[in-house]
Amino acid sequence: MSSSGDTSMTFMASTGEAIRALEEAARRTGMQHLSADAATGVLVFTAGRMLLAFGEKVTARIREVKPGIVQATLSSNLKFGSAGWGRNRTGRDRMSNALIQLLPLAP
């Protein structure tokens, strides 16, 4: 389950495949890899270009639900009120849309 600021999706993929797809989704949407903790399946991406402390940060959590099925939960941390300018304008929404194009959804 997710809170109102989270987007969760379930995919037919391994954890490694999901992480690679997240990296590609970030690249496609102009986000940059900031940090990762492979042990917990948490990756952080940022829209900040020059100063990583500023701009939106998207946190992705990957967890294996069962063999071959992973759940990806994306949440964002917007800075300076930059949210809500049109449809799919947040990094979280853009990354979610890109991720759906890269991995098959689980039934």
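Counting begins at 1 with the first residue of the sequence. Just so it is clear, the model here is predicted, and its values are computed rather than measured.
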Check the side chains of D93 and T90 for a donor-acceptor pair under 3.5 angstrom, ignoring hydrogens and angles.
yes
What one should report as the nearest heavy-atom pair of L103 and A18 is CD1-CA, 3.9 Å
Report yes if some heavy atom in the side chain of M31 is under 4.5 Å from a heavy atom in the side chain of V58; otherwise report no.
yes
Nearest 0.5 Å, what's the OG-CG distance between S96 and L22?
10.0 Å
So do the side chains of P107 and M12 get within less than 4.5 Å of each other, counting heavy atoms only?
yes
Should L74 and M9 count as side-chain neighbours, where that means a heavy-atom distance under 4.5 Å?
yes
Would you say that F45 contacts M95 through its side chain, given a criterion of any heavy-atom pair below 4.5 Å between the two side chains?
yes
Any donor-acceptor pair under 3.5 Å from Q101 side chain to A98 backbone:
no
Walk me through whether R28 and L102 qualify under side-chain contact (heavy atoms from CB on, under 4.5 Å).
CA-CA 11 Å; R28 290 182 181 189; L102 295 167; 3.4 Å; yes
Apply the test salt bridge (Lys or Arg N to Asp or Glu O under 4.0 Å) to residues R27 and E24: give CA-CA distance (whole Å), side-chain angles for both, the deciding distance (0.1 Å), then the verdict.
CA-CA 5 Å; R27 187 193 66 75; E24 176 61 17; 2.5 Å; yes
Taking atom CD1 of I62 and atom OG1 of T40, what is their separation to the nearest 0.5 Å?
11.0 Å
Answer yes or no: is there a side-chain heavy-atom contact under 4.5 Å between L105 and F11?
yes
So T46 and E56, do their side chains get closer than 4.5 Å, heavy atoms only?
no
Do you reckon V70 sits in the same ILVMFWY cluster as I100, going by side-chain contacts under 4.5 Å, direct or chained?
yes
For the student: nearest non-hydrogen atoms of H33 and A36, plus distance
CE1-CB, 3.6 Å
Under a 3.5 Å distance rule, please check whether Q71 uses its side chain to pair with a backbone N or O of T10 as donor and acceptor.
no
How long is the span from the CZ atom in R20 to the OG atom in S14, to the nearest 0.5 Å?
5.5 Å
Please assess R61 against S75 for the test side-chain contact (heavy atoms from CB on, under 4.5 Å), listing each intermediate value before the final yes or no.
CA-CA 9 Å; R61 290 175 179 80; S75 58; 3.5 Å; yes
With no hydrogens and no angle check, just 3.5 Å: does a side-chain donor-acceptor pair link R92 and T7?
yes
I'd like to check L43 versus E23 (side-chain heavy atoms, cut-off strictly below 4.5 Å). Are they in contact?
yes
